[in-house]
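First the structure, in the form of C-alpha cells, and then the observations on it.
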Amino acid sequence: MFGPNLFTNYGEAVSVILFVIGFSNLLLQKNLIKKIIGLNIMDTAVYLFLAEKGYIRDRVAPIVVDGIQEVEAYINPVPSGLVLTGIVVSVSVTAIMLSLTIRLYRRYHTLDLDEISMLLKKEGR
Amino acid sequence: MDFIQNFPFFSIILSMFSGIVSSVLPVKAARRLNTFLIVAVGVMSGILLVYLTGTGEPFVYWMGHFPAPWGNEIRAGVLEAGMALFFCLIMFLSMLGGRRQLAEEVAENKQNLYYILVDLLLSSLLALVYTNDLFTAYVFVEINTISACGLIMVREIGRTFEAAIRYMIMSLLGSGLFLVSLCMLYDLTGHLLMSNIKESVAALAARGEYTVPLMTTIGLLCAGLAIKSALFPFHSWLPDAYGYSTVSSAAMLSSLVSKGYIFLLIKIFYRVIGFEIIAQSKIINVLFIFGLLGMIFGSTSAIQENDIRRMIAFSSVAQIGYIYMGFGLGTEAGMTASIFHMLSHAATKSLLFVAAVGLTDASKGRREFVELTGSAYRNKMAGIAFTVGSLSMVGMPMFSGFVSKLLFAEASIGHAHKMLPAVLVLALSTILNAIYFMKTVIRIYVPDYRSDCRTITIKKQKAYAFTLVCFILLNVALGMLSKPLEGWIHSGLAMFG
Amino acid sequence: MNILTYILLGFLVICAISVTFSKKLLNSVLIFMSYSLVMSIIWMMLESPDLAITEAAVGAGVTSVLFFVTLRKIHAMGEEDVDDEER
Amino acid sequence: MKKDSAFSRWFYGERDTLLDRVEMKPQTGHAPRAGEIRELMEERRLIREHIYDVEDNQKLKLFHRLYQVAAVVFCATLMLIMLVAVSWLPENGNPDNPVNNEVSARYIENGLQETGAVNIVTGMILDYRAFDTFGESNVLFISTVTVLILLHNKKKKETGAEDVAGGRANTAEKSRKSAGPAEKSGSIYEENLILQKIAGILVPIIVIFGVYVILNGHLSPGGGFSGGAIIGAGLILYQNAFGFEKTERFFTEKTYKWICFFALTFYCLAKSYSFFTGANHLESGIPLGKPGAILSSGLILPLNICVGLVVACTMYTFFAMFRKGDF
C-alpha cells in the first residue's frame, strides 16, 4: 500500500500530518480561537509542502549571484512565488475570522459556536 | 488579433478597478458605478459570445509579455462567454430587486463597502470563468469566499454573524483541500496551466505512473470544491446564510457564488484532468451518491421548515444535489443536464428569493407561513412571480425546471447501473418539491380578511415589479429555448476539449 | 544539518498537537507563534529566504499581534485569568 | 490502609495530593460580588445543560456524538490517504522530478534579461505571474473591507447597545472594563517609560529596515509584502507605546483610504498597460535598466513600493480596528 518514497519524503509526510492536525482542529474544536489557529496551521502546512517540493539538493536560493544563470545552480523558484501569494491570503482570512469572533463575543459572551446557536434560538430571531 | 479578444481581460480588470475606485466614492456614485459595471460587462460578454459563435474557435489571451507555460493566461470559449453574460444578468436583476431592502438593512456608512464587495465578487466570478491557470483560480476562489462572507454579514444581526462564521469555516476547509491537491498536482506534472497539466496527466495515465497520488489528488480536488459549493453533508451554514442575509445577497449567494465553484469544477473535469479519466474513476460514484442523498435530504428538511426564506434555502441543497448527480452519471448527456440545471436553478432561485421578500414585506416582515396567509393578494406581482418560480422548481412544462428534469431523466436512462436509483430519486424528489412548494403557493392564495397588513401595489415599487417581470421572462425563455441552449452547451463543451 | 531538520520538524508536530490540547488560549497562541518561527527557520534551511522573511514578519509578527489583541478583547488575557473559554 | 501510596489515594479520590504542598496565593485584582458570579454561573450552567444535557436533549447529544465520531474517522482516513499519496510522490530534492521542467529553467536562465530582477522569485511574481499577485493584493483589499464592515463604529457607540446576552453579564462586563485603566486613551501601557524609550529607539530602525526590504525587493530576499508587514509591525509598536493620539496625527481613516486608493490604482493601471501590450504583442517601452542597480527592472520597483504601502496600511488598519474600532 505504501509506496517507496515515504521516508525520503519525510518533509512532505510531516507537512501532511500537520495539515490533518490543522484540519481536525478546524473541524472539531469548539473554541473559535483554536479553530482559527488550526486554520493557520493547515495553511502553513501546505506551504511547507510546497517549499519541500521546490527544494533541490545542493542548490542555492534563486537569487542570481555573480551572473551565474545555469539551471544547475538554483532551486525551483515557482513554489516560493506561490507560497508568497498564499501567505498573504491566509493573513487576510485570519483577520476576518478574528474580527467575526470579536463581534460574536461582544454579543454573546462566549466562544462556543453551539452555545451561540442555542442563544440565537432562545432569542427567537 | 481582433480587438474583441481583449474583452474578457477588460471585464475582469474593469470590475476590479471599479471596486478599488468605489472605496473613495460616496454611496450614490458607488451604486451607479456598480450598475454601469454590470451592464458594461454584460454587453461585452454578449458581444464576445456573438463573436465566438461566429468564429467557432476558442482563443487564449496572454496576461503579460510571456507565452503559455511561463506567464498567466486566460481563455474564452462559447460556454465561458455565455456564462459570464448569464452571471451579469442575474447579478443585475438581484441588485435591482433588493435595492430597497439594502437601504433599510445595511448601515448607511457601510453601503459603499457593499458595492465594493459586489464589484469584487463579479471580478472573481469572471476570473473563475475565464482563467486558464489553476493557481489563479485558487486566488480568485479566495476572493469569492471572502466577498461572499462579507455579503452575508453586511446585515449586522446575530444570525448573519453566526452564519458567516460557519460559512467561513466550511469554505476554508474546502480551500485547504483544494490548495493541497493543487500542490500535489503541480508536483506530479510540473505545471499550473490547465492545458499543460492535461497533457501531462494524459501522459501519466497512459504510462500508468503515479496512479495512487493522481487519484488522491482528483478526489481531494472534487471534495474541496464540493464542500465549498455546499454539497449535502456540508450544508450546515447554508440555511442561515441564505435565510437571514439581505435579499440581494441571498439571491447572489445561491445563484452565483456556488455556481462559480461548480463551473470551476466542470472546467477542471474537462480542461485539467480530462473527462475520460474522470468518467473511469470511482470518484464520480461518490459524487453521485451524495448528490442523491442531498436531493432527498434537502427536500425533507424544506418540508419541515416553518420559515419561507429558510425553506427556499433548503431547496437549494436539493438542487445542488441534482447538479452533482448529473456529474455522477459520468456521461456527456449528464454534464449537459447539469449545466442546464445550473442555469435554470440560478434563474429560479434568485426569482424565488426576490419574490419571497415581497410577500414577507406585505405581511409586516413576518416569515412564518401562518402570517403569510393571503399575502399574494396584498402584493400581486410577488405572488405571481412566486407561483411561477414554484411551478418551475416542481417541473411544470413551459418553465425552465421542466427542461432540466427532462434532461436528467434522459441522461440517466440507458445507464447500466445508475438508471434505477437516479430515476427513482428524481421522481421522489419531484413529489417532495411539489409538496412544499404547492403548500406555500396555496397558503399565499388563501384569502385572509382579518389581516390589517398594508397592500403593496405595483405602482409603488416599479423597479421591483420590473425585476420580477424580467425574472419571469428569463425563466420562460430558458424553458422555451431549450434546444438552442442545449446546442450551445454542446458546442461549449466541445470547445473545452 | 539533517538531524537539525528532524528535530525542527518534530518540534512542529509537537507544537501543533499541543495547541490542540492546551487549556489556556494564551498558551495556544504563544505555541502557535513559536510554530511560525520554527517554520520560518525550516524555510530558510530549504533555501527559500523570501518565504522565511515573509513568514517571520507576517506569521510570527502581525498574525500573533492580531491574536493577542483579540484575546484582550475577549478578556482571555490581561490582569485576571478568566478561564471561561477553556473548554 | 496505611500502606496505600499517595498515588493510589489520589486515584481513588480520598485526598488531594497537591493540598498543603503548593503555595496558594489569594487572587488579586477586581473581585465581583459573590451574588453576581453565582448568577452568571447559573445562567451558563443552564445554557450548557440545555445544549449537552442527556435527558432534555437526547437527539442533539446523539447528533454531537455522531458528528464527532464521523469527523474523527474522516480525519484519520484523510491522513492515511494523504500519507499513502505522499509515499508515491516523486522523491524529495531530486533534480529530475517533473517539477524541474522547462518552466523553472526559463525563469532561471532568462529571468534576469527578461524582467531585470536579480531576485528571480520577485521577478516571477511581479512580472511572469503578475495576474496572481494582483489578485492577491485584491484579497488584502477586500479583507480590509470586510473587517471595516465588522468592526468600524464611526459614532463611537457603546457596545452595551448590542449586548443581547442580557443585563446580568453587563455588570461584570463594566467592572472588567474599569479594571483596564487606560483603555479609553488607547494605550494599555500609557505610563510605561521603559517601553516608550525602547520604542523610540526601535521604531525608526524597524521602519528603515522595512523600507530597505521594499526597495531592495528585486535585488535581495523580500519585497513589497514582507517589507510592508515589517513597517506595519513598526507602526503597531509605535501605537502601543505612545497611544492613539500620537498616531492619529499622521494616520487617520483618510490617510488609509487615499494611500490604498492611489497605490492600488497605480498598480491596476500599470499592470493593465503591461497586460494589454503583452497580449497584443506590442512593445511596452519600459526600460529595464542595468540589473543589480536600485533603479532597474522596469515596473517591479514601483509595484513593490505600491504593494508595500498597501500592506503596511492594511496591517495597521487591522490592528486599529481590532483595538478600537476606529483609526
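Here is how names work: the chains are called A, B, and so on, in the same order as the sequence lines, proteins then strands, and each is numbered from 1.
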Please check this pair: side chain of [X] against backbone of [Y], looking for a donor-acceptor N/O pair closer than 3.5 Å.
X: D/Tyr107; Y: B/Trp70; answer: yes
X: B/Lys110; Y: D/Leu150; answer: no
X: D/Lys257; Y: B/Val24; answer: no

Selection from [options] maximising heavy-atom pairs under 4.5 Å formed with chain D:
options: B/His191, B/Glu142, B/Glu209; answer: B/His191
options: B/Val180, B/Ile13, B/Thr131; answer: B/Ile13
options: B/Ala107, B/Ser123, B/Ser23, B/Gly19; answer: B/Ser23
options: B/Tyr210, B/Tyr138, B/Phe140; answer: B/Tyr210
options: B/Asn6, B/Asn72, B/Ile116, B/Val60; answer: B/Asn72
options: B/Gly71, B/Gly150, B/Gly64; answer: B/Gly64

Contacting moiety of [X], where chain D heavy atoms sit under 4.5 Å:
X: B/Tyr186; value: both
X: B/Leu113; value: both
X: B/Leu214; value: neither
X: B/Val106; value: neither
X: B/Pro233; value: neither
X: B/Asp187; value: both

Among D/Leu89, D/Val84, D/Val86, find the one that has a side-chain contact (heavy atoms from CB on, under 4.5 Å) with B/Pro213.
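When D/Leu89, D/Val84, D/Val86 are each tested with B/Pro213, the side-chain contact (heavy atoms from CB on, under 4.5 Å) holds only for D/Leu89.
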Check [X] against [Y] and note the closest heavy-atom contact, atom names and distance.
X: B/Met153; Y: D/Ile149; value: CE-CG2, 3.7 Å
X: D/Phe261; Y: B/Ile20; value: CD1-O, 3.7 Å
X: B/Leu188; Y: D/Pro90; value: CD2-CD, 4.1 Å

Should the heavy atoms of other residues, nucleotides or ligands under 6.0 Å from CZ of B/Phe232 be counted, would the total exceed 12?
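More than 12 heavy atoms, drawn from other residues, nucleotides or ligands, come within 6.0 Å of this atom.
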Hey, is CZ on B/Arg207 packed in by over 12 heavy atoms from elsewhere, all under 6.0 Å?
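Yes, because the 6.0 Å sphere around CZ of B/Arg207 holds more than 12 heavy atoms from other groups.
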Output the distance between atom [atom1] ([X]) and atom [atom2] ([Y]), rounded to the nearest 0.5 Å.
X: B/Ile143; Y: D/Glu136; atom1: CD1; atom2: CD; result: 10.0 Å
X: B/Met16; Y: D/Tyr267; atom1: CE; atom2: OH; result: 10.0 Å
X: D/Thr115; Y: B/His65; atom1: OG1; atom2: NE2; result: 12.0 Å
X: B/Glu73; Y: D/Arg129; atom1: CD; atom2: CZ; result: 11.0 Å
X: B/Ile146; Y: D/Ser143; atom1: CD1; atom2: OG; result: 5.5 Å
X: B/Met63; Y: D/Ser272; atom1: CE; atom2: OG; result: 8.5 Å

Which portion of D/Phe141 sits near chain B, non-hydrogen atoms under 4.5 angstrom
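For D/Phe141, side-chain heavy atoms alone lie under 4.5 Å from chain B.
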Please classify the contact of D/Leu78 with chain B as side chain, backbone, both or neither, using a heavy-atom distance under 4.5 Å.
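For D/Leu78, the contact with chain B is made by the side chain alone.
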As an exercise: rank [options] by heavy-atom pairs under 4.5 Å with chain B and give me the winner.
options: D/Val139, D/Asp132, D/Asn280; value: D/Asp132
options: D/Ile81, D/Asn138, D/Asn100; value: D/Asn138
options: D/Thr277, D/Asn97, D/Leu269; value: D/Thr277

What verdict does the side-chain contact (heavy atoms from CB on, under 4.5 Å) test give for D/Ile142 and B/Leu117, after you've listed the backbone C-alpha separation in whole Å, the side-chain angles of each residue and the deciding distance to 0.1 Å?
CA-CA 7 Å; D/Ile142 196 172; B/Leu117 291 177; 3.8 Å; yes
Kindly determine whether D/Phe131 and B/Asp133 satisfy side-chain contact (heavy atoms from CB on, under 4.5 Å), including the steps that lead there.
CA-CA 10 Å; D/Phe131 188 44; B/Asp133 187 292; over 6 Å; no
Ring centres under 6.0 Å, that's the criterion: do D/Phe275 and B/Phe10 meet it?
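No - the distance between ring centres of D/Phe275 and B/Phe10 does not fall below the 6.0 Å cut-off.
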Measure up the D/Phe276 and B/Phe3 rings against each other and bin them: parallel (under 30°), tilted (30 to 60°), perpendicular (over 60°).
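Answer is perpendicular, since the angle exceeds 60°.
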